[in-house]
Asker: 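Structure below; questions to follow.
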Amino acid sequence: MIISWNTTNRCNLKCSHCYRNSGKEVEGELNTEEAKRLIDQIVKANFKIMIFSGGEPLMRNDIFELINYASRAGLRSVLGTNGTLISKEMAQRLKESGISAIGISLDSLDPNKHNLFRGNDTAYSDTVNAMKNCRDLGIRFQLHTTVMDWNKDEIISLTDFSVDMGAAAHHIFFLVPTGRGKNIEDELLSPKEYEKLLTSIMKKQSEVNIEIKPTCAPQFVRIAENLGINSRFKRGCIAGIDYCIINPKGDVQACAYLNEIAGNVRESDFSEIWRNSQLFNRLRDQKYNGHCNSCSAKKNCGGCRARSAYYHNGDYMSDDKICMISH
């Protein structure tokens with residue numbers, strides 16, 4: 001099971017699609033001792049992988065201490081970062097802290113496009129250097145790409161770039177318009193484009209020896225099975241089932257894009273929230289509304305619950321609007 005903790009709302013970039021609307025630190029972010037108690041509770045709840053994300057997690061002064069604490073507690077500690085702050089010295093400190101892997105965001109092979117999307121003139125060069133620094137130190141890393149209509153034709157090339165850079169995986173995120181992402185909703189793919197790109201991505205998986213994982217695109221499991229492509233992923237949307245997130249102030253959510261709150265770790269033990277929250281139990285029951293409930297791919301897809309909520313007035317059990325089967 002995987003958990004992602006948005007360690008802070010602070011960020012050194014101003015990305016167009018940011019679901020947290022990150023930039024400045026928000027009042028009431030978990031402090032070091034609260035974070036350590038949370039890590040203990042995550043272990044108690046039998047999670048295995050903990051992603052330290054943000055905002056930009058490297059802007060927390062105690063991030064190395066917390067990564068080390070989680071690693072010593074038996075968790076596989078992973079960093080989700082924009083990459084721009086990973087100098088050789090920073091990479092060395094991350095390695096010494098016990099980091100297992102680092103996810104680094106790259107959205108275009110055109111430096112100008114990437115920089116514009118990330119709101120920083122040196123984002124591309126800094127990010128590529130981060131990959132090299134991780135590679136040189138033997139730190140496992142992977143590329144993260146957010147799909148938009150302006151970079152959809154680059155996605156397969158970005159997978160090839162991932163291979164060339166020595167990455168272990170390429171995770172491809174399909175945007176749900178939350179946070180600042182609402183401002184660029186018109187740049188999302190149509191259902192037809194979405195299905196076509198997912199098909200190309202899964203075909204590419206059979207050609208490369210690194211992992212390709214579409215995210216917020218649960219239909220990829222159905223497509224892989226129809227194509228006869230072997231994938232270790234047997235379930236599309238795992239929000240509230242094998243995955244959840246915690247925001248900087250301790251609110252527990254099923255995923256980053258679904259704003260429904262299951263509880264707060266300052267008020268309840270995380271393991272209790274994970275086991276007993278109404279939100280998580282509804283998601284686990286999989287009693288969807290509309291086509292998602294009768295769909296033959298219900299068990300292995302599950303639809304994007306956050307996208308359902310966004311397009312159906314908060315009803316996270318409704319249809320996934322972007323799925324071709326429902327059209």
Side-chain angles (χ1 to χ4, degrees), residues 16-17 103-114 116-118 124 127-128 131 141-177 181 184-238 255 257 291-292 295-298 300-304 306-308 311 319-327:
S16 300
H17 65 307
I104 300 174
S105 298
L106 186 70
D107 303 298
S108 177
L109 294 173
D110 181 330
N112 292 328
K113 289 181 179 179
H114 178 79
L116 181 63
F117 193 53
R118 295 283 166 176
Y124 180 89
T127 297
V128 173
M131 296 174 197
F141 72 96
Q142 62 190 46
L143 265 65
H144 290 172
T145 300
T146 297
V147 177
M148 308 298 295
D149 62 356
W150 51 264
N151 71 351
K152 68 180 187 296
D153 294 330
E154 290 189 70
I155 302 303
I156 302 304
S157 295
L158 279 159
T159 296
D160 289 331
F161 180 79
S162 303
V163 174
D164 293 341
M165 289 297 294
H170 184 202
H171 285 204
I172 302 162
F173 291 75
F174 287 74
L175 182 68
V176 179
I184 54 173
E185 186 177 353
D186 60 347
E187 297 177 28
L188 301 183
L189 272 59
S190 69
K192 186 176 180 179
E193 291 172 322
Y194 175 87
E195 185 88 359
K196 180 181 178 181
L197 179 56
L198 277 180
T199 300
S200 297
I201 289 169
M202 297 322 299
K203 287 180 177 178
K204 187 66 176 178
Q205 178 64 91
S206 64
E207 301 172 5
V208 295
N209 59 0
I210 68 169
E211 175 185 285
I212 305 177
K213 167 65 166 60
T215 298
C216 300
Q219 292 80 11
F220 85 90
V221 180
R222 162 180 58 80
I223 290 171
E225 289 186 356
N226 289 343
L227 291 171
I229 294 169
N230 186 34
S231 169
R232 73 178 181 88
F233 302 104
K234 305 304 179 185
R235 167 78 186 178
C237 181
I238 59 173
C255 79
Y257 308 100
H291 183 79
C292 278
C295 182
S296 60
K298 173 182 175 179
N300 64 8
C301 172
C304 176
R307 193 176 292 112
S308 297
Y311 288 108
D319 288 336
D320 184 352
K321 179 183 175 182
I322 207 167
C323 180
M324 277 292 290
I325 292 180
S326 63
H327 281 69

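Since this is a predicted model, take the numbers as computed values, not measurements. Residue numbers start at 1 and run along the sequence shown. Only this structure's heavy atoms are used, side chains among them; waters, hydrogens and symmetry mates stay out.
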Asker: Please check if the side chain of D110 supplies one atom and the backbone of N112 the other of a donor-acceptor pair under 3.5 Å.
Answerer: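 Side chain of D110 to backbone of N112, a donor-acceptor pair under 3.5 Å: yes, one is there.
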Asker: May I ask you to decide if L109's main-chain N or O and E154's side chain share a donor-acceptor pair within less than 3.5 Å?
Answerer: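 Answer holds: yes.
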Asker: Counting distance only, does the side-chain N/O of E195 pair as donor-acceptor with the main-chain N or O of I322 below 3.5 Å?
Answerer: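 Not at all, since once roles are kept as given, no pair shorter than 3.5 Å links the two residues.
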Asker: So how far is it from L106 CG to F161 CZ, rounded to the nearest 0.5 Å?
Answerer: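 Answer for the CG-CZ pair, L106 versus F161, is 6.0 Å.
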Asker: Considering only heavy atoms from C-beta outward, does the side chain of N300 approach that of K234 to under 4.5 Å?
Answerer: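 When only atoms from C-beta onward are counted, K234 and N300 do not touch, as no gap falls below 4.5 Å.
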Asker: Taking the side chain as every heavy atom from C-beta outward, state whether I104 and H144 have any pair of such atoms under 4.5 Å apart.
Answerer: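 The answer is no; the side chains never approach within 4.5 Å.
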Asker: Is a donor on one side and an acceptor on the other found under 3.5 Å between the side chain of N151 and the backbone of T146?
Answerer: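 Yes, N151 side chain to T146 backbone: donor-acceptor pair under 3.5 Å.
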Asker: To the nearest 0.5 Å, what is the distance between CD on Q142 and CE on M131?
Answerer: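 The CD atom of Q142 sits 11.0 Å away from the CE atom of M131.
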Asker: Taking C-beta and beyond as the side chain, do Y311 and P177 meet within less than 4.5 Å on heavy atoms?
Answerer: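 They are in contact (side-chain heavy atoms under 4.5 Å apart), so the answer is yes.
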Asker: Let me confirm one number: the CE-CD1 distance from M202 to I223, rounded to the nearest 0.5 Å.
Answerer: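 So the CE of M202 and the CD1 of I223 are separated by 8.5 Å.
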Asker: Looking at R235 and C237, would you say the former's side chain and the latter's main chain have a donor-acceptor pair under 3.5 Å?
Answerer: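 At least one qualifying donor-acceptor pair exists.
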Asker: Find the distance between CD (E185) and CG (L188) and round it off to the nearest 0.5 Å.
Answerer: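 With rounding to 0.5 Å, CD (E185) is 6.0 Å from CG (L188).
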Asker: Salt-bridged, R118 to D107, with N to O below 4.0 Å?
Answerer: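 Looking at D107 together with R118, the answer is yes, because their closest N to O distance falls below 4.0 Å.
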Asker: Do the ring planes of F117 and W150 sit parallel (below 30°), tilted (30 to 60°) or perpendicular (above 60°)?
Answerer: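 Perpendicular: the ring planes of F117 and W150 meet at over 60°.
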Asker: Using modelled atom types only, decide if a donor and an acceptor are shared between the side chain of S200 and the backbone of K196 within a distance under 3.5 Å.
Answerer: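 Yes, the answer is positive, given that a donor and an acceptor are paired below the 3.5 Å cut-off.
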Asker: Does the salt bridge (Lys or Arg N to Asp or Glu O under 4.0 Å) test come out yes or no for E187 and K152, once each step is laid out?
Answerer: CA-CA 10 Å; E187 297 177 28; K152 68 180 187 296; over 6 Å; no
Asker: What is the minimum heavy-atom distance between A306 and C255, and which atoms define it?
Answerer: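 What the structure gives for the nearest pair is CB-SG, 3.8 Å.
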Asker: Heavy atoms, side chains only, cut-off 4.5 Å: are F220 and E225 in contact?
Answerer: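 They are not in contact (no side-chain heavy atoms under 4.5 Å apart), so the answer is no.
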Asker: With distance as the sole test, does D149 use its side chain to make a donor-acceptor pair with the main-chain N or O of L189 at under 3.5 Å?
Answerer: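 No; judged by distance alone, with no hydrogens or angles, the pair does not exist.
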Asker: The test is side chain to side chain donor-acceptor pair (under 3.5 Å); show your working for H170 and T159 and say whether it passes.
Answerer: CA-CA 6 Å; H170 184 202; T159 296; 2.7 Å; yes
Asker: Nearest 0.5 Å, please: how far is SG in C295 from CD in Q219?
Answerer: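 Going from the CD atom of Q219 to the SG atom of C295 covers 8.5 Å.
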Asker: How many angstroms lie between atom CZ of R307 and atom CG of L175, to the nearest 0.5 angstrom?
Answerer: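 Going from CZ on R307 over to CG on L175, the span is 8.5 Å.
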